[in-house]
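Accompanying notes for the structure given below.
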Amino acid sequence: MVRVRYAPSPTGMPHVGNIRTALFNWVFARHHGGKFIVRIEDTDRARFVEGSEQAILSSLRWLGLDWDEGPEVGGPHAPYHQSQRLEIYHQIAHQLVAEGKAYKCFCTPEELEQMRAQQRAQGAAATMYDRRCRKLTPAEVKAREESGLPYVIRFKMPLEGTVEYEDLIHGRTVFQNKLTDDFVMLKSDGFPTYHLANVVDDHLMEITHVMRGDEWISSMPRHLNLYAALGWAPPQFAHLPLLLGPDRQKLSKRHGATDMPEFIRQGYLSDAMFNFLALCGWNPGDDREILSRAEIIELFSIERISDNPFIFHHDKLLWMNGHYIRELPKERLVELCLPYLQQAGLVPQTLDEATRAYVAQVVPLEQEKMKLLSDAPRLLDFFFTDEYPVDEAAVRKWYGEPHIPQMLEELIRRYEALEPFTAPEIERVTREVIAWLGVKGGEVIHPTRIALSGRTTGPSLFEMIEALGKPRVLQRLRNAQKWVFRR
RNA sequence: GGCCCCAUGGUCUAGCGGUCCAGGACGCCUGGUUUUCAGCCAGGAGGACGGGGGUUCGAAUCCCCCUGGGGUCACCA
């Protein structure tokens, strides 16, 4: 039985890279009919951010990543918050001390910093704990303990030899033990470090495969030696390629949106995000890129995970989101865009039937142009308000033309009398005006569009006119007459 | 700097010794469709696969070195 886990720490908004890791684990579990476990690694009180756990969990839910065990759902290995498992880590850490595989260290942070500074000054290749407390005699330890000195528990790394493992993505990797120092397992506040808590919980929760970011590879000697010291068989490891920004540096805020709540706010679709994230380091092996959750689950395999870093470019995500928006049923699109229109103040929070119908009529007109749901207000504002931006250059270009006054007058006259006021009818009479004026279609269509929406681009004109409705159209055309007069 | 990871067009990626004068997608450009934009359709530019050595009848594909990029060296994860 495959059992994988996603183990975020609630230290901020969930980062895309992190969610990508969650997604790979989830897909892997679903592919194998295994279990997906969420475990909250809240062992750093200093970096704890209130509300971030909720943001993480809701991001998972938004993407459709449900968990079989974890917060809110419980499970056979509860609790799933490491802060509630302190006794376990304590017990194990002290057991290792008793077995001579770990030791208490009384060095203060200041002492350690001084030590590192000295090492750096001496040109050390890497700073390393010099193991001074490893050499303490039992009597010395006892004395310090009795005088109430705080201590951490450090793991005794082997001084020689190597550890190796077979990474499911990178293959066999070997490390020399002497290059890793005696790392802290249990902090002086009684909380475990990642290394201890992670290893202990992965074992206790019977995790079979650990899929995490490449930045953890360098911790493998610690983890491997810990497993060995505990007499436990390590799970399989698969280290995923890192997500980088376009400048090849670790993806961060200056590269644009990086946290999931922000992507959601911007109006990315869950399906698009899922699809894109799945392709961040994985591919199905053929040319397909648009893939459903079901297809991804079916095709997923660790062998097809790339081992080079993935540069996260928003433009492809944006394209994919546009694709998914175009595929949306109209009703769904309307439903998804509504909150954005409301937030922009274009549509009231509580709407009557007429407004609802109007929104439903108008939103699909710009469906193929939308890349983000948040594009809706910008694209559709003129349908809801008279306070929309006007392209002055376009007005200047068209409203100096000699046929405009007549055109407006004629349009107003015919539209006013037109019944029913529908796109085909509107097109028919508009074409009559074009013929009557003896101008090209565009010479009427463009200035009319400007008169009605303030811009040169927009939905198909006749449908737009029908949707706007006769009163609004007539009013805006009359308004345009005033502009012409003013020239 | 030590250790580790990585290396196919701007980006993602297919390729796992010959079927590759390297395929697809995004982006970019051109043309078509059209009342505009977008979309859609068609086409195009752009890489001799980071460099150098090997192995082999034959290498983008295997090996080595170099170079470049990244990760990591915390009582953070």
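Since we're looking at a predicted model, the values are computed, not measured. Protein chains get the first letters and strands the later ones, always in sequence-line order, with residue 1 at the start of each. Side-chain atoms are counted along with the backbone in the values below, which use heavy atoms only and exclude waters and symmetry mates.
- Relative to the ring axis of A:Y129, A:R154 places its NZ or CZ within 45° and under 6.0 Å from the centre.
- Counting any heavy atom pair closer than 4.0 Å across all strands shown, A:T180 reaches no nucleic acid atom.
- Proximity of A:K316 to the phosphate of B:G10: no side-chain N or O atom is located under 4.0 Å from OP1 or OP2.
- Atom CG of A:L240 is separated from atom P of B:G71 by 16 Å (rounded to the nearest Å).
- A:I465 is listed as a side-chain neighbour of A:F421, based on a closest heavy-atom distance under 4.5 Å.
- Nucleotide B:C62 forms a pair with B:G54, judged by Watson-Crick or G-U wobble geometry with both contacts under 3.5 Å.
- Between A:R39 and A:D202 there is a salt bridge, with a side-chain nitrogen of the basic residue lying less than 4.0 Å from a carboxylate oxygen of the acidic one.
- If you take atom C1' in B:C49 and the same atom in B:A7, they sit 10 Å apart, rounded to whole Å.
- Within the 4.0 angstrom heavy-atom criterion, only backbone atoms of the sugar-phosphate kind lie near A:F310; the bases stay farther away.
- Comparing B:G51 with B:C5, their P atoms are spaced 22 Å from each other, to the whole Å.
- Between A:L269 and A:N321, the shortest heavy-atom contact is N-OD1, 2.8 Å.
- Contact annotation: A:K371 reaches the phosphate of B:G39 (side-chain N/O to OP1 or OP2, under 4.0 Å).
- Residues of residues 444-466 of chain A having a heavy atom closer than 4.0 Å to RNA chain B, listed by number: A:I445, A:H446, A:R449, A:T456, A:T457, A:G458, A:P459, A:S460, A:L461, A:F462.
- Between B:U19 and B:A60, the two C1' atoms lie 15 Å apart (nearest whole Å).
- Spacing of P atoms, B:A14 relative to B:G70, comes out at 22 Å, to the nearest Å.
- Both distances falling under 3.5 Å, in either a Watson-Crick or a G-U wobble arrangement, place B:C40 opposite B:G32.
- Close to B:U35, at under 4.0 Å from its OP1 or OP2, lies a side-chain N or O of A:R431.
- Here the separation of B:A74 from B:C16, taken at their P atoms, is 43 Å to the nearest Å.
- Looking at heavy-atom distances under 4.0 Å, A:P309 makes contact with sugar-phosphate atoms alone, never a base.
- Within 4.0 Å of A:E289, counting heavy atoms only, lies at least one base atom of the nucleic acid.
- When the P atom is used for both B:C62 and B:C75, the distance is 40 Å, rounded to whole Å.
- Nearest-nucleotide mapping onto RNA chain B: of A:V174 and A:S219, the residue sitting toward the 5' end is A:V174.
- Distances shorter than 4.0 Å separate none of the side-chain N or O atoms of A:H239 from OP1 or OP2 on B:C5.
- Considering only heavy atoms from C-beta on, A:F28 stays 4.5 Å or farther from A:F36 through its side chain.
- Dashed line: the shortest gap from a side-chain N or O of A:T43 to OP1 or OP2 of B:C76 is not under 4.0 Å.
- Using a 4.0 Å heavy-atom distance criterion, A:V152 is classed as a base contact.
- Between A:R120 and A:E113 there is a salt bridge, since a side-chain N of the basic residue sits under 4.0 Å from a carboxylate O of the acidic one.
- Backbone-only contact: A:Q249 has heavy atoms under 4.0 Å from sugar-phosphate atoms and none from a base.
- Phosphate proximity of B:C76 to A:K187: present, with a side-chain N or O under 4.0 Å from OP1 or OP2.
- Nucleic acid contact class of A:C107 (heavy atoms, under 4.0 Å, all strands): base.
- The same atom, C1', is picked in B:A59 and in B:G2; the two are 34 Å apart, to the nearest Å.
- Neither OP1 nor OP2 of B:U36 sits under 4.0 Å from any side-chain N or O of A:K397.
- A donor-acceptor contact closer than 3.5 angstrom is absent between the side chains of A:N25 and A:H209.
- Comparing the C1' positions of B:C28 and B:C12 gives a spacing of 16 Å, expressed to the nearest Å.
- If you run side-chain contact (heavy atoms from CB on, under 4.5 Å) between A:L411 and each of A:L474, A:T448, A:V473, only A:T448 comes through.
- Under the Watson-Crick or G-U wobble criterion, with both distances below 3.5 Å, B:C26 is paired with B:G10.
- Between the C1' atom of B:C4 and the CZ atom of A:F237 lies a distance of 15 Å, rounded to the nearest Å.
- Whole-Å rounding puts the A:M220 CE to B:A77 C1' distance at 16 Å.
- Among the protein residues, A:S9 comes within range of the sugar-phosphate backbone only, with heavy atoms under 4.0 Å from sugar or phosphate atoms but none that close to a base.
- Listed nucleotides: B:C4, B:C5, B:A7. Nearest to the side chain of A:D214: B:C5.
- Here A:N283 does not reach the OP1 or OP2 of B:G15: none of its side-chain N or O atoms lies under 4.0 Å away.
- Spacing between atom CG of A:D286 and atom C1' of B:G24 amounts to 10 Å, rounded to whole angstrom units.
- Side-chain atoms of A:Y194 lie closest to B:A77 of the nucleotides B:A77, B:C75, B:U11.
- Between A:Y129 atom OH and B:C73 atom P the separation is 18 Å, expressed in whole Å.
- For the residue pair A:T173 / A:D167, no side-chain donor-acceptor distance below 3.5 Å is found, with atom types taken as modelled.
- Rounded to an integer number of Å, the gap from CD1 of A:I290 to P of B:C12 is 18 Å.
- Between B:C75, B:G71, B:U11, one nucleotide has an atom nearer to the side chain of A:L242 than all others, and that is B:G71.
- With B:A74, B:G71, B:A77 as the choices, the nucleotide that has an atom nearest any side-chain atom of A:R116 turns out to be B:A74.
- The interatomic distance linking A:I305 (CD1) with B:A14 (C1') rounds to 17 Å, in whole Å.
- The nucleotide B:C75 finds no pairing partner, because no Watson-Crick or G-U wobble arrangement with both distances shorter than 3.5 Å includes it.
- With A:F300 as the aromatic partner, A:R304 does not meet the cation-pi criteria of under 6.0 angstrom to the ring centre and within 45 degrees of the ring axis.
- Electrostatic pairing of A:D130 and A:R116 does not count as a salt bridge here, judged by no charged N lying under 4.0 Å from a carboxylate O.
- Map A:R172 and A:R326 each onto its nearest nucleotide of RNA chain B; the residue landing nearer the 5' end is A:R172.
- A salt bridge does not link A:E392 to A:R396: none of the charged side-chain nitrogens sits closer than 4.0 Å to a carboxylate oxygen.
- OP1 or OP2 of B:C4 has not a single side-chain nitrogen or oxygen of A:T173 nearer than 4.0 Å.
- In this structure, A:R304 reaches the sugar-phosphate backbone alone: every heavy-atom distance under 4.0 Å involves primed, P, OP1 or OP2 atoms, never a base.
- Residue A:R154 is in sugar-phosphate contact alone, with no base atom involved, counting any heavy-atom pair closer than 4.0 Å across all strands shown.
- Remark: P of B:A74 and CE of A:M185 are 18 Å apart, rounded to the nearest angstrom.
- With hydrogens and angles ignored, no donor-acceptor pair under 3.5 angstrom links the side chain of A:T127 to the base of B:C73.
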